[in-house]
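Following: one structure in structure tokens, then a few remarks.
First the proteins, then the strands, lettered A, B, ... as listed; each starts at 1.
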There are 2 protein chains.
Amino acid sequence: MNPGDRVRVDRADRTYEGVLLPSSTDDQLVVKLEGGYNVGVDRGEADVEVLAEDVYRIDGTDAAGDDGASEIEFDDDLPTISLISTGGTIASTVDYRTGAVTAQFDAEDVLRAVPDLAGRANYRGRVVANILSENMEPSIWRDLAQAVREEIEAGADGVVVMHGTDTMQYSASALAFMLETPVPIVFTGSQRSADRPSSDNVMNAVSAVEAAKSDCAEVMVCMHATESDDRCALHRGTRVRKNHTSRRDAFETVGAEPLGEVEYETETVEFRRAYQERGASELELRDDLEGDVELLKFTPGMDPAFLDVVEGSEGLIIEGTGLGHVHTDLIPRIEELIENGTTVVMTSQCLEGRVCDRVYDTGRDLLEAGVVEAGDTLPGTAKVKLMWALANSDDVAEAMGTSLAGEIQERSVPWE
Amino acid sequence: MNPGDRVRVDRADRTYEGVLLPSSTDDQLVVKLEGGYNVGVDRGEADVEVLAEDVYRIDGTDAAGDDGASEIEFDDDLPTISLISTGGTIASTVDYRTGAVTAQFDAEDVLRAVPDLAGRANYRGRVVANILSENMEPSIWRDLAQAVREEIEAGADGVVVMHGTDTMQYSASALAFMLETPVPIVFTGSQRSADRPSSDNVMNAVSAVEAAKSDCAEVMVCMHATESDDRCALHRGTRVRKNHTSRRDAFETVGAEPLGEVEYETETVEFRRAYQERGASELELRDDLEGDVELLKFTPGMDPAFLDVVEGSEGLIIEGTGLGHVHTDLIPRIEELIENGTTVVMTSQCLEGRVCDRVYDTGRDLLEAGVVEAGDTLPGTAKVKLMWALANSDDVAEAMGTSLAGEIQERSVPWE
């Protein structure tokens with residue numbers, strides 16, 4: 001058996017049928033299933049039957065011996081959009097239909113997978129990862145940011161990142177801090193896989209390409225704005241949150257209107273809020289990250305031992321209650337962490353509204369202990385930002401209180 | 001100096017002026033400030049000056065020697081509402097204006113503090129705690145539940161619990177699981193203290209009393225429905241969440257309409273959804289709680305060592321991504337915890353929508369490891385419920401998947 005073969009794999013309690021992929025270890029078989037997902041199976045425990053040889057193109061050639069060079073001609077009148085795949089439900093559409101599991105795919109692969117993209121742009125494509133997004137890690141954010149930089153340097157007028165929806169908001173935040181960009185960087189994904197009638201993958205992909213052609217040179221998330229197939233919302237990457245487990249319009253901008261919308265039928269991109277314009281920034285990558293940063297959500301009865309895990313860490317985001325509080329018994333331990341060099345940053349589990357630790361005694365005690373306030377930065381975004389700030393900023397406390405990529409909003413709700 | 005005296009306390013860097021309260025330790029002075037909050041000051045570090053003696057009633061008598069017996073006559077035509085104070089911004093109104101720091105306060109105290117409550121009910125009052133709600137602990141939930149039972153047994157037709165807003169949703173959930181109640185139990189609080197022009201304490205207190213007189217025998221939260229002083233929303237205790245750090249209408253029912261509303265001007269209580277009616281249940285208290293339950297929010301890059309803290313614990317709530325996922329590297333460790341006796345329950349940081357671990361491989365692996373799904377139970381509510389279920393249920397896994405107090409909603413959003 002060889003990568004590219006269609007196989008049936010029997011393990012103790014399950015049977016998988018799909019295409020054998022190249023595996024990075026000798027111990028594991030990796031099989032791409034019908035639905036587009038990959039499963040890993042221990043080689044020793046598996047019975048494998050080859051159903052058909054060499055059915056899918058692996059390593060740049062398909063079964064017919066095509067070397068994969070695009071037959072689609074470059075159109076000087078169209079912008080060039082780079083599609084970068086990281087895996088997840090939307091990428092599985094492309095991967096499964098094309099069989100492309102190599103590090104690059106071309107315009108032909110893209111159009112075979114999503115024909116509706118034809119005529120909108122010249123396409124470049126590359127694969128940075130092929131993971132379910134719950135397995136996203138800071139090291140892959142760096143790979144992704146570097147790939148985006150290379151694509152922009154190679155002439156892309158906009159970049160679309162195909163990403164699983166589970167952790168899309170974290171990855172979008174990471175790129176927003178790592179990259180100064182002269183062109184749009186648009187994350188999109190799919191809440192329903194391509195084999196389901198309600199799949200949102202085509203409209204999301206088309207809308208993301210339109211957004212990537214627009215004038216807004218920010219890191220955005222482009223996903224369904226409503227339950228209908230009428231329009232996608234464009235969310236600022238640092239303010240977006242997956243607020244529903246399954247709805248197609250799960251993604252929302254927290255505490256504000258989205259930046260803009262893409263109307264599907266008319267293919268119109270409209271912005272409602274001020275944004276960074278195309279070409280306003282020079283391309284710059286600052287991709288260092290401090291990995292040793294944790295996030296802790298405080299709830300009543302929390303075991304203080306969770307703070308011991310953070311001992312010696314570089315950074316800690318606390319998701320406190322209300323304006324930014326924890327049980328007062330925890331404050332001396334937090335103070336100790338800070339004295340030992342951990343940067344401790346307060347956010348709120350309320351999600352909307354800014355923390356303010358000057359109002360109540362608990363907050364004042366936290367400030368006295370050296371806790372840093374993150375304004376209305378979302379807790380997950382704050383974690384990513386602290387990783388970035390610890391590696392790139394001379395004054396981390398000041399950075400956490402300053403909006404670097406739209407993560408802290410102008411005060412929109414009067415305090416009184 | 002004695003409790004009840006007005007004092008000025010100078011510490012190294014601050015000066016406090018207020019009423020001296022009885023302190024539970026010899027080392028600390030406790031001073032109730034103008035705004036209604038209490039501060040503790042180390043006796044050794046403080047210079048104290050008595051400004052006026054015996055200005056506030058402490059221990060049941062006021063400065064005039066009144067023994068505190070109510071001069072307000074019982075009105076047979078009015079229902080009896082019990083007000084229970086646990087502390088926080090709203091209780092500080094009552095506490096400060098009356099100086100009542102004893103275990104009971106009476107109708108006169110209540111009406112002196114919030115004159116708008118007059119004529120609506122006969123009032124009983126008691127103090128269960130006097131804490132900022134970030135310091136709320138499971139042991140106080142038990143005290144509170146027992147006090148509510150005693151008040152209902154003593155004839156209360158409804159109970160209003162005055163509670164700090166930071167952890168109100170956790171306490172409301174705790175009482176919802178602990179008590180079968182034949183009468184309304186209404187939590188209310190205040191986002192702005194009484195000394196601020198925008199304080200919401202009077203409207204919230206009045207609306208909570210009206211809700212406590214209503215036909216809905218559930219544990220509810222009654223807080224501003226809008227930024228205006230026009231109406232309060234009535235939220236089911238297990239579905240409510242403080243979704244803004246500072247707005248007066250911070251509390252929202254997640255994933256549904258609130259149960260009902262109280263219109264302030266007309267004092268009308270209206271319900272929009274089905275509820276448990278007054279008298280439908282017999283009073284029953286099951287207040288055992290398993291304290292050894294933790295909540296962990298998964299974010300990319302999370303240190304697996306947080307799972308070690310849970311080693312040997314009775315229960316763990318995971319706030320996963322999307323439909324209920326974590327990094328697949330964590331699954332073997334979670335399986336080990338489960339094999340060693342920890343009940344591990346999955347919820348979603350999306351907050352809206354139910355977890356479903358049958359859709360993707362990661363979820364199926366979690367189910368195979370023995371993780372229990374909590375439907376669309378909010379993560380904080382799930383933590384409280386698991387504490388309760390471990391102490392009261394024969395089949396904890398089944399209990400976590402079943403709605404016991406409205407915490408799991410009927411499927412309202414079609415899956416396809």
Side-chain angles (χ1 to χ4, degrees), chain A residues 37 39 132-138 165-167 170-171 196-198 242-247 250 291 293-303 305-306 308-309 313 319-329 348 350-356 360-362 376 380 383 387 413 415-416, chain B residues 37 39 132-138 165-167 170-171 192 196-198 242-247 250 291 293-297 299-303 305-306 308-309 313 319-329 348 350-356 360-362 376 380 383 387 413 415-416:
Chain A
Y37 294 102
V39 291
L132 294 167
S133 79
E134 56 268 34
N135 290 336
M136 185 54 67
E137 289 180 5
T165 58
D166 268 38
T167 63
Y170 299 93
S171 299
R196 298 172 68 181
S198 63
K242 184 174 178 176
N243 277 347
H244 197 284
T245 60
S246 62
R247 284 174 66 118
V293 171
E294 299 303 330
L295 180 146
L296 260 185
K297 177 171 182 167
F298 167 73
T299 52
M302 186 188 101
D303 188 342
F306 282 122
D308 298 340
V309 175
S313 288
E319 213 179 295
T321 58
L323 288 163
H325 302 136
V326 295
H327 196 299
T328 45
D329 286 356
S348 175
C350 293
L351 300 178
E352 288 200 41
R354 64 196 63 225
V355 297
C356 182
Y360 295 112
D361 276 346
T362 306
D376 66 346
K383 180 179 177 183
M387 286 178 168
V413 179
W415 172 252
E416 280 291 342
Chain B
Y37 294 100
V39 290
L132 294 167
S133 79
E134 56 267 34
N135 291 335
M136 184 55 65
E137 290 178 6
T165 57
D166 267 39
T167 63
Y170 299 93
S171 299
R192 313 279 167 83
R196 298 172 69 181
S198 63
K242 182 174 179 176
N243 277 347
H244 197 285
T245 60
S246 62
R247 284 173 67 117
V293 172
E294 300 303 329
L295 180 146
L296 260 185
K297 177 170 183 167
T299 52
M302 186 187 98
D303 189 342
F306 283 121
D308 298 340
V309 176
S313 289
E319 212 177 296
T321 58
L323 289 163
H325 303 138
V326 295
H327 196 297
T328 46
D329 286 355
S348 176
C350 293
L351 301 178
E352 290 198 42
R354 65 195 62 226
V355 296
C356 183
Y360 294 112
D361 276 346
T362 306
D376 66 345
K383 179 179 179 184
M387 286 179 169
V413 179
W415 172 253
E416 280 293 340

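Ranked by heavy-atom pairs shorter than 4.5 Å toward chain A, the options B:T362, B:T167, B:N243 are led by B:N243. Contact count versus chain A (heavy atoms, under 4.5 Å) is highest, among B:G320, B:A250, B:P138, B:G322, for B:G322. When the candidates A:V355, A:T328, A:D308 are compared by the number of heavy-atom contacts under 4.5 Å with chain B, A:T328 comes out ahead. Interface summary for chain B: among A:S313, A:G380, A:G301, the most heavy-atom pairs under 4.5 angstrom belong to A:G301. The candidate with the highest count of non-hydrogen atom pairs below 4.5 Å against chain B, out of A:D376, A:L295, A:V309, is A:V309.
Looking at B:L351 and A:L351, their side chains come closer than 4.5 Å, going by heavy atoms from C-beta outward.
The contact between B:F306 and chain A is made by backbone and side chain atoms together, counting heavy-atom distances below 4.5 Å. For A:T299, the parts sitting under 4.5 Å from any heavy atom of chain B are the backbone and the side chain alike. With a 4.5 Å cut-off on non-hydrogen atoms, A:K383 touches chain B through its side chain but not through its backbone. Contacts between A:S348 and chain B at a heavy-atom distance below 4.5 Å involve the side chain alone, from C-beta outward.
Atom-to-atom distance recorded for A:D329:CG and B:E134:CD is 11.5 Å, nearest 0.5 angstrom.
When every heavy atom of B:K297 is checked against every heavy atom of A:K297, the shortest pair comes out as CB-CB, 4.3 Å. Minimum interatomic distance between A:F298 and B:Y170 (heavy atoms only, all atoms of both residues): O-OH, 4.2 Å.
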